[in-house]
Amino acid sequence: MLIAVISDTHNRDASVSRALAVMAERKVEVVIHCGDIEAGATVRLFPSHTHFVFGNCDRDRDEIEEAVAEIGATLHGVWGQLELAGRRLAFVHGDDHHLLDDLEHADTFDFLFHGHTHVAKEHRTGQTRVINPGALQRVAVRTFLLLDLPSGQAESVTVE
């Protein structure tokens, strides 16, 4: 099962469209968005198999919530969790450092995805692999993550 993790899209619809084209080409089954979407118009670009959480720049949450419902996707609030291909996943924006720390040290999840810093990076805390996929805005190189479950093979994808 191939999933995509994306964050901090900040209304950059052209970059989002290019990223989504790669995801469609690669036959991604689930998309996880780690927040800072900013507007319903951006949400409407995503497929129905997308899971969203709010970020600190998602000020009009009602508009985002309406758009998520409109496309048939799922909005989890400030953090979400899924079990896919036998792996337990959590995802959060990352601006709430206490929540991020609690999830990272819960020793419950195989993967924890977050954004907020706009810096792609990865580390492990106990059994949890913590991954920030990067961002599509305010970065020199725009990136998102493709992750094969259950193998765990990750690929950072650059969006031109």
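- Arg59 pairs by the side chain to side chain donor-acceptor pair (under 3.5 Å) definition with nothing, not counting sequence neighbours.
- One distance of note links CG of Asp60 with CD1 of Ile37; it measures 11.5 Å at 0.5 Å rounding.
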Show me the donor-acceptor pairs within less than 3.5 Å that the side chains of residues 136-150 make with the rest of the protein, sequence neighbours left out.
residue: Gln137; atom: OE1; partner: Arg12; partner atom: NE; Å: 2.7
residue: Gln137; atom: OE1; partner: Arg12; partner atom: NH2; Å: 3.4
residue: Arg142; atom: NE; partner: Ser15; partner atom: OG; Å: 3.4
residue: Arg142; atom: NE; partner: Leu136; partner atom: O; Å: 3.3
residue: Thr143; atom: OG1; partner: Pro133; partner atom: O; Å: 2.8
residue: Asp148; atom: OD2; partner: Ser151; partner atom: OG; Å: 2.5

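- The shortest non-hydrogen separation linking Leu75 to Val68 is N-CG1, 3.7 Å.
- Checking His116 against Asp8 by side-chain atom types alone, no donor-acceptor pair falls below 3.5 Å.
- In this structure the side chain of Leu103 never reaches within 4.5 angstrom of the side chain of Phe113, judged on heavy atoms.
- Within a 6.0 Å sphere centred on CD of Gln153, other residues, nucleotides and ligands contribute 12 heavy atoms or fewer.
- At a threshold of 4.5 Å between side-chain heavy atoms, the hydrophobic network of Ile, Leu, Val, Met, Phe, Trp and Tyr places Ile32 and Val28 in two separate groups.
- Applying the side-chain contact (heavy atoms from CB on, under 4.5 Å) rule to Glu38 yields the partners His10, Asn11, Cys57, Asp58; only residues at least two apart in sequence or on another chain are considered.
- The closest side-chain heavy-atom distance from Phe46 to Leu20 is below 4.5 Å.
- Ser48 has its side chain out of reach of Thr50: every pair of non-hydrogen atoms, C-beta onward, lies at least 4.5 Å apart.
- Evaluation of the salt bridge (charged side-chain N to carboxylate O under 4.0 Å, His left out) test over residues 41-57, restricted to residues two or more places apart or in two chains, returns Arg44-Glu70.
- Side-chain atoms of Phe91 and Leu82, non-hydrogen and from C-beta on, do get closer than 4.5 Å to each other.
- Across all non-hydrogen atoms, the minimal contact from Ile6 to Ala19 is CD1-CB, 4.1 Å.
- Between Ile3 and Val31 the shortest side-chain heavy-atom distance does not fall below 4.5 Å.
- When the salt bridge (Lys or Arg N to Asp or Glu O under 4.0 Å) test is applied to Glu29, no partner is found at least two apart in sequence or on another chain.
- At least one side-chain heavy atom of Val30 sits less than 4.5 Å from a side-chain heavy atom of Met1.
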Worked verdict on Thr9 versus Asp36 for side-chain contact (heavy atoms from CB on, under 4.5 Å): CA-CA 6 Å; Thr9 52; Asp36 277 2; over 6 Å; no

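- Panel note: side chain Thr108, backbone Ala106; a donor-acceptor pair is recorded below 3.5 Å.
- Residues forming a ring-ring contact (aromatic ring centres under 6.0 Å, His included) with His114 (at least two apart in sequence, or on another chain): none.
- Distance SG/Cys34 to CD1/Ile131: 10.0 Å, rounded to 0.5 Å.
- Within the structure, salt bridge (charged side-chain N to carboxylate O under 4.0 Å, His left out) contacts touching residues 115-137 (residues at least two apart or in different chains) are Glu122-Arg129.
- Contact of the Phe52 side chain with the Val43 side chain is registered, since non-hydrogen atoms from C-beta on lie closer than 4.5 Å.
- Residues forming a side chain to side chain donor-acceptor pair (under 3.5 Å) with His76 (at least two apart in sequence, or on another chain): His51.
- Heavy-atom minimum distance, Leu45 versus Ser17: CD1-OG, 4.1 Å.
- Looking at residues two or more places apart in sequence or on another chain, you find a salt bridge (Lys or Arg N to Asp or Glu O under 4.0 Å) between Asp110 and Arg88.
- Considering only residues two or more places apart in sequence or on other chains, Asp107 meets the side-chain contact (heavy atoms from CB on, under 4.5 Å) condition with Gln127.
- Met23 and Leu2 fall within a single hydrophobic cluster, where Ile, Leu, Val, Met, Phe, Trp and Tyr are joined by side-chain heavy atoms under 4.5 Å apart, directly or via other members.
- Counting only N and O atoms by type, the side chains of Asn132 and Thr117 include a donor and acceptor under 3.5 Å apart.
- Partners of Phe109 by ring-ring contact (aromatic ring centres under 6.0 Å, His included), not counting sequence neighbours: none found.
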Take Val5 and Ser7 through the test side-chain contact (heavy atoms from CB on, under 4.5 Å) and record every step on the way to the result. CA-CA 7 Å; Val5 182; Ser7 189; over 6 Å; no

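- Relative to the six-membered ring of Phe111, Arg87 misses at least one condition, a distance below 6.0 Å or an angle of at most 45° to the axis.
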Where do Phe54 and His93 land on the ring pair (Phe, Tyr, Trp, His ring centres under 6.0 Å) test, with the steps shown first? CA-CA 7 Å; Phe54 289 124; His93 182 59; over 10 Å; no

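- Thr125 is linked by a side-chain contact (heavy atoms from CB on, under 4.5 Å) to Glu104, His105, His123, Val130, counting only residues two or more places apart in sequence or in another chain.
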